Amino acid sequence: MKHNNEQSADRKLERGLQNRHIQLIALGGAIGTGLFLGIGPAAVQAGPSVILGYALAGVIAFFIMRQLGEMVVEEPVSGSFSHFAYKYWGTFAGFASGWNYWVLYILVSMSELTAIGIYVQFWWPEIPLWASSLFFFITINALNLSSVKVYGEAEFWFSIVKVVAIIAMIIFGVYLLFSGNGGPQASINNLWNDGGFFPKGLLQSDGQGNYQGLLAALALIMFSFGGLELIGITAAEADQPEKTIPRATNQVIYRILIFYVGALIILFALSPWKNITTDSSPFVMVFESLKGFQFTMFGKTIYFTSLIANALNLIVLTAALSVYNSCVYSNSRMLYGLAEQGNAPAILSRLNKNHVPVLAIVISGLFVAICIIINKLMPEKALHALMSLVVSALIINWLMISVVHLKFRQRYKGGMAATKFPSFLYPISNYICLIFLTGILGLMLLTGMALPVMLIPVWLVFLYICYKVVKSRKNSAAL
């Protein structure tokens, strides 16, 4: 019979994520479908001004990450969002936060699998979305069933590919732009020539109930930043969370400036924004449009073929696989955390010999598999519908992080003691985030994304009913 301490050790997640894993997981979290594919609809709605939109949303994301980071460094536990809400706000807040996060990343998983199918169709348009989704669904889930170290290594290399590719693309784009080899349409003047930097204003109606402009695009822009809070989930399996979490969190603002703002400036400069469409990656489209041009480098004439576009499509496919890989990881750990709290069936907290919550991965996977059916039934509308639902769930999650952080600071040692990693501009940044995120919900009501917003009260009532049922069962079991 095992010793009690040994039994306890077997039930704990393993701290197998090293500093390099945490840094690249954080770095990779900022680069996914939101940047490579989601920019298309946002650019169509707002033109070059989306660059400003991404910078603004990035600042809000940084505030949220600092608020979460402060709590995580103090208490590096599994299911961190739910744990903090449960401890500092109340039992229902903890229940709702955890399950909302789980549903959020079920939806993100579906979005990424759908995007993967779109990227595959760039090469093989005859392959249906559902077939690609099914193949990569099986592959990534199998990878996560092994150990957290395997996940960490996979995400490390996925992120390396994304980061190197984005930097290379920016450098190459700058070369094409300023050397004159990007073709006659490439010019920095594209940022303001075609209708100005705000070609569709801040918010304007077409008279038929449809809105365009920078503010209208903000909801789509917010989709890009979902995933940054994954740092909070990795804390329980980070080797030295008090060192790695602050370092990774502080890099968020630099990543946003380089990978989003920098890449988008190059994108809009290389091709007029009106050429961008909503049905493919704008980055792939822009470089694909350059084939046929030739340019001189190091004294040699080089012919631009579709090789670059194919390489970029491979990179954006890798990015989507990376985000989905992280979704599988984070959802299983959130279910594990909920089970530890008693807010999910206890069986979901069981770990295998490699300290992996296998059943939590399997259950999450069964729900994500619904995506394959959605892609079968409505392939043309699947991505936009899923993105809309993701934004609503993401805003609930971020609103709760900001509110819980306020309560955390008020109650942490009476509000007198200094924490190890204080958030930026507390409490002003909290109120800025709450106002901004509430405003996004209002904008969604105006811009064709009203249904996901109207479903929020229904979703919260449903969560409350589930919470009361679970609480009643707990009380009955205690008698």
Side-chain angles (χ1 to χ4, degrees), residues 19 22-23 25-27 29-30 54-90 93-94 96-98 100-101 104 221-222 224-236 238 240-258 260-261 330 334 337 394-440:
N19 177 58
I22 298 295
Q23 297 302 315
I25 287 170
L27 198 59
Y54 273 90
L56 178 60
V59 171
I60 300 299
F62 176 65
F63 286 160
I64 295 288
M65 290 308 302
R66 284 297 299 261
Q67 293 159 19
L68 176 63
E70 180 176 2
M71 296 187 289
V72 166
V73 170
E74 293 298 321
E75 302 175 49
V77 296
S78 178
S80 61
F81 314 122
S82 180
H83 167 81
F84 298 131
Y86 190 91
K87 183 174 180 178
Y88 296 104
W89 193 349
S97 176
N100 180 75
Y101 180 85
L104 165 62
I221 290 171
M222 288 301 298
S224 303
F225 295 100
L228 290 174
E229 69 278 3
L230 178 61
I231 287 295
I233 296 295
T234 64
Q240 295 179 303
E242 70 282 355
K243 294 181 180 180
T244 56
I245 300 300
R247 191 178 304 167
T249 301
N250 282 334
Q251 289 178 356
V252 167
I253 193 67
Y254 304 113
R255 282 181 253 132
I256 291 167
L257 290 174
I258 295 173
Y260 279 89
V261 177
S330 60
M334 181 54 76
L394 175 66
I395 289 175
I396 293 174
N397 188 39
W398 282 17
L399 282 170
M400 294 192 77
I401 289 174
S402 207
V403 171
V404 169
H405 178 258
L406 284 171
K407 295 180 177 294
F408 162 83
R409 285 292 292 263
Q410 291 165 1
R411 289 182 55 189
Y412 187 75
K413 294 185 179 180
M416 300 298 292
T419 56
K420 299 173 186 174
F421 185 49
S423 67
F424 191 68
L425 291 179
Y426 164 85
I428 296 173
S429 63
N430 296 71
Y431 298 125
I432 291 173
C433 291
L434 294 175
I435 293 170
F436 179 86
L437 294 170
T438 304
I440 293 294

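These numbers were taken from a predicted model, which means no experiment stands behind them.
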Go through the steps for Glu74 and Phe421 under the test side-chain contact (heavy atoms from CB on, under 4.5 Å), then give the verdict.
CA-CA 8 Å; Glu74 293 298 321; Phe421 185 49; over 6 Å; no
Apply side-chain contact (heavy atoms from CB on, under 4.5 Å) to the pair Ser423 and Met71, showing each step before the final yes or no.
CA-CA 9 Å; Ser423 67; Met71 296 187 289; over 6 Å; no
Take Phe84 and His405, measure what ring pair (Phe, Tyr, Trp, His ring centres under 6.0 Å) needs, and give me the verdict at the end.
CA-CA 8 Å; Phe84 298 131; His405 178 258; 9.8 Å; no
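The only option from Val404, Ile401, Val403, Leu406 that meets the side chain to side chain contact (heavy atoms under 4.5 Å, CB included) definition with Asn430 turns out to be Leu406. Of the candidates Thr438, Ile428, Ile64, Ile64 is the only one forming a side chain to side chain contact (heavy atoms under 4.5 Å, CB included) with Cys433.
The side-chain heavy atoms of Glu75 and Lys87, taken from C-beta on, include a pair separated by under 4.5 Å. Contact of the Ile396 side chain with the Tyr101 side chain is not registered, since no non-hydrogen atoms from C-beta on lie closer than 4.5 Å. Contact of the Val73 side chain with the Thr419 side chain is not registered, since no non-hydrogen atoms from C-beta on lie closer than 4.5 Å. Side chains of Pro422 and Tyr426 form no contact here, defined as non-hydrogen atoms less than 4.5 Å apart.
Donor-acceptor pairing under 3.5 Å is recorded for the side chains of Gln67 and Ser402.
For the atom pair CZ of Phe436 and CH2 of Trp398, the computed distance is 8.5 Å after rounding to the nearest 0.5 Å. For the atom pair CD1 of Ile440 and CD1 of Ile395, the computed distance is 6.0 Å after rounding to the nearest 0.5 Å. With rounding to the nearest 0.5 Å, the separation of OH in Tyr431 from CD1 in Ile435 is 10.0 Å. From Leu425, atom CG reaches atom CZ of Phe62 across 9.0 Å, with rounding to the nearest 0.5 Å. We find the OH-OG distance between Tyr86 and Ser97 to be 13.0 Å, quoted to the nearest 0.5 Å.
The nearest pair of heavy atoms linking Ile60 to Ile432 is CD1-CG2, 3.9 Å. Heavy-atom minimum distance, Ala93 versus Ala85: O-CB, 3.6 Å. Of all heavy-atom pairs between Gly98 and Met334, the closest is O-CG, 3.4 Å.
Under the 3.5 Å distance criterion, the side-chain polar atoms of Ser429 are matched with a main-chain donor or acceptor of Phe424. For the pair Arg66 (side chain) and Pro246 (backbone), a donor-acceptor distance under 3.5 Å is absent.
Between Glu70 and Lys420, none of the side-chain N atoms (NZ, or NE/NH1/NH2) sits under 4.0 Å from a carboxylate O, so this pair counts as no salt bridge.
In this structure Tyr88 satisfies the ring pair (Phe, Tyr, Trp, His ring centres under 6.0 Å) test together with Phe408, sequence neighbours excluded.
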